[in-house]
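First up is the structure itself, then whatever we jot down about it.
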Amino acid sequence: MNPDDLLAGLNERQLLAATSDGGPLVVLAGAGSGKTRVLTRRIAWRVAVGQTDPNRVLALTFTRKAAGELRQRLRNGGMRDQVVAGTFHGIALTQLRQRWMERGIKPPTILDRKFRMVAQLIGRRPRVEPLDVLSEMEWAFARLVAPSDYEGAAKLAGRVSPLPEGELGDLMERYQQEKRRRRVVDFDDLLALAIRDLKDDADYAAAVRWRHRHLYVDEFQDVNPLQFELLRAWRGESSDLFVVGDPNQAIYGWNGADPMLLDNFAIREPGAVVVSLDDNYRSTPQILTMATAALAGKSGKLIPHRPDGAVPTLSSYPTDLSEAAGVAQRIKMSHNAGDKWAHQAVLVRTNAQLVPIEQALADAGVPVRVRGGSGPLGSKEVKDALRSLGRPGADLIQSLAEMDNSLESASLESGSLESPGQESSPTEDLSPAEIERRQNLAALSRLVHEYASLDPAPSGPGLLAWITTVQAGEVGVDGDAVELATFHGAKGLEWAVVHIAGLEKGYMPIGYAKTGAQLAEEKRLLYVAITRAESQLHLSWASERTFGTKAVKRQPSPYLEMMQSAINHLKRGYRPVDWKAEIVKSRQAAGTNKAKRSGKNDKNPVGDPVFDALRTWRSGRAKAANVPAYLIFSDQSLRAMAKRQPVTKGQLANISGVGPVKLERYGDDIIKMVKQSQG
Ligand code: ATP
Ligand code: MG
């Protein structure tokens, strides 16, 4: 390929990042700013100009899906399959396999039933959920925390051990011993083993470093210390490292990822070149406004490059089923002749939410594919339950009743599974793993009920056959289909039309998010979901949801208020801020030392004491709430207040932009200010 063609369509900063040589490079930039584009173009360009042998490139990322996307983009850039692109685990395993083969070592068995082993080690313990213990152990391994250091490290990180003090470290030890005894390794061991080989054998390390001498990492905000250690081992002394990431998209903290590794990259790496990109090429200005609102204005500036598009929508539905049907309808409406279904996606917070949507789409005749993973049906508990439900001779109806009973009685004992995280629900006591487990089982129960209502002679094997068909009904897995994914699974991807469903308290933020750090991660997740959209964004929630057989009232996500304000703002014809023009303006103003408010803006009643007071008040409220000022009230509303000078709530309510919530929240303040200004 002609090198110049590979640089075509890159802006100045992107060009710098793609072609700069020397030093490790880090690109720190927001969603849709072209980080992945720059990474793949850099590889292709360096190959084209002869700086790189494509067979010596290793491109890393964190999920299999993201690795697939990376490979696809490299292929589009003419790379075919010479470049190795994969996940840390995938590459580590390939290297270990090869080494074992070369040395005639019998490969260890990979432990796929880790959960069962941990559960056995714990034994029967009331109020201890083995999945929580397992996640906590995985966090410690990912953070390179030795068993004896666990308590201290967990305290520092604000984590609560699911076991009494001192026991988790012991259990980590016992788990390691048990794996050795049975000659099995788990996925994290693969990374640790790969690191050990590289550290212990200098010749081997030199060979690996020669083979993968150009290192690239996408989504670097998701790296955990164990993976980082492996990256260091792969890299040796080389500075041929290129990483890109966005701190606002760090969504794997629960899993041990440490975004500080990205934030501090330049400090740790002498001679590192840092490039930031502020232009957004993916989304319309309207969608970026929503994204900024989701982060409560904390995101860096993303300068929109796409022309204006439709104002995003927010819909509420009476039930989860009507929501799913509504989403299906909207998908059909947005699907013009000649469009690809794959230009649309439905995103949800948890796997269990995928099921009703998938069914509604299938019912509406919309081809659908679940991205990356099998949803709740792939979970361990559902597989186990299916195995026993599907036994020939099993009394399906009886087993189903037992399953529903156990879900119900569990919900009586410890609160309802049906309302994960709803306020005042005793589910608050349930562990995250237990909530997820029950949601998955509830999703299964719903499927079984449906099957039982369709088959005049329901049976276990009949159920299995039906479920297989339903799953295969994710029409044409390779064909054109609407994509269904969780927020986590959607990272790095993009679609013209994005539907985000189930925006309820308990899902967004997820019920178990309690600490400031967890809630901040939830907001980033919403930001990730919103920034997947290119031209249309549709948000929805349902005020009732059925879990198993029980209907439960739901509350809207607390973040929807901000979303609604942003939408109202956009509807009133708000022009998203042209940051470039703003920057030029502020530079000019600084240059001429001109007073900021020169009175030239004839739209704002300069010198109007009421308007001034309202503005000052608004910026105080905005600061306190950490949101952009326009989310409190628009200039237009403030102008109307200054003009009409409302002294009662009734008068204030007549002003556009003042809804019941804002009236309640800010009404007294405003009336007081108006009265004061009248003397
Ligand atoms: P994310 O943080 O979501 O992973 P990203 O920073 O990796 O986003 P990309 O996926 O590389 O962003 O780019 C977003 C979209 O913008 C892509 O469709 C890409 O092709 C397009 N794009 C990037 N840079 C430019 C450019 N200079 N001109 C036109 N389109 C661009
Ligand atoms: Mg990307």
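Start at 1 with the first residue, then count along the sequence. Counting convention: from 1, in listed order, for ligands and their atoms alike. Both backbone and side-chain heavy atoms feed into the values below; hydrogens, waters and symmetry mates do not. Bear in mind that the values here come from a model prediction, so they are computed numbers and not experimental data.
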Enumerated ligand 1 atoms positioned under 4.0 Å from heavy atoms of [X]:
| X | answer |
| --- | --- |
| Arg73 | 9 (P), 10 (O), 11 (O) |
| Gly30 | 6 (O) |
| Gly9 | 26 (C), 27 (N), 28 (N) |
| Arg532 | 3 (O) |
| Gly492 | 4 (O) |

With [atom] as the reference point, say which of [options] has the nearest heavy atom.
| atom | options | result |
| --- | --- | --- |
| atom 5 (P) of ligand 1 | Arg306, Lys35, Glu12, Lys491 | Lys35 |
| atom 14 (C) of ligand 1 | Glu494, Gln249, Arg13 | Glu494 |
| atom 13 (O) of ligand 1 | Ala29, Ala66, Gly34 | Gly34 |

- Task: Would you check the N or O atoms of Ala31, main chain and side chain alike, for any that come under 3.5 Å of an N or O of ligand 1?
- Result: no
- Query: ligand 1 and Gly32, any nitrogen or oxygen pair closer than 3.5 angstrom?
  - Reply: yes
- Of the protein's non-hydrogen atoms, which lies at the shortest distance from atom 16 (O) of ligand 1, and what is that distance? Tyr281 CB, 3.3 Å
- Message: Checking a contact table here: which protein heavy atom is nearest atom 19 (C) of ligand 1, and how many Å away?
- Response: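 Of the protein heavy atoms, Arg37 NE, 3.7 Å lies nearest.
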- Message: Taking 4.0 Å as the limit for heavy-atom contacts, which would you say applies to Asp246 with ligand 1: side chain only, backbone only, both, or neither?
- Response: neither
- Message: Is the contact between Gln14 and ligand 1 made by the side chain, the backbone, both, or neither, using heavy atoms and a 4.0 Å cut-off?
- Response: side chain
- Salt bridge check: are Glu237 and Arg209 linked by an N-O gap of less than 4.0 Å? no
- Under 4.5 Å between any side-chain heavy atoms of Leu39 and Leu70, yes or no?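 Yes, at least one pair of side-chain atoms sits under 4.5 Å.
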- Query: Do Tyr559 and Leu503 come close enough that some side-chain heavy atom pair is under 4.5 Å?
  - Reply: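 No. Closest side-chain heavy atoms not under 4.5 Å.
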- Contacts of type ring-ring contact (aromatic ring centres under 6.0 Å, His included), residue Phe141, not counting sequence neighbours: none
- May I ask you to check whether Phe242 and His214 place their ring centers less than 6.0 Å from one another? no
- Message: One pair to check against side chain to side chain contact (heavy atoms under 4.5 Å, CB included): Thr19 and Trp45. What are the steps and the verdict?
- Response: CA-CA 8 Å; Thr19 58; Trp45 181 78; 3.8 Å; yes
- Message: Asp240: which residues meet the salt bridge (charged side-chain N to carboxylate O under 4.0 Å, His left out) condition with it, sequence neighbours left out?
- Response: Arg46
- Query: Parallel under 30°, tilted from 30 to 60°, perpendicular over 60°: which one fits the rings of Phe88 and Phe62?
  - Reply: parallel
- Query: Looking only at heavy atoms, which two atoms of Trp254 and His488 are closest? And how far apart?
  - Reply: NE1-NE2, 3.5 Å
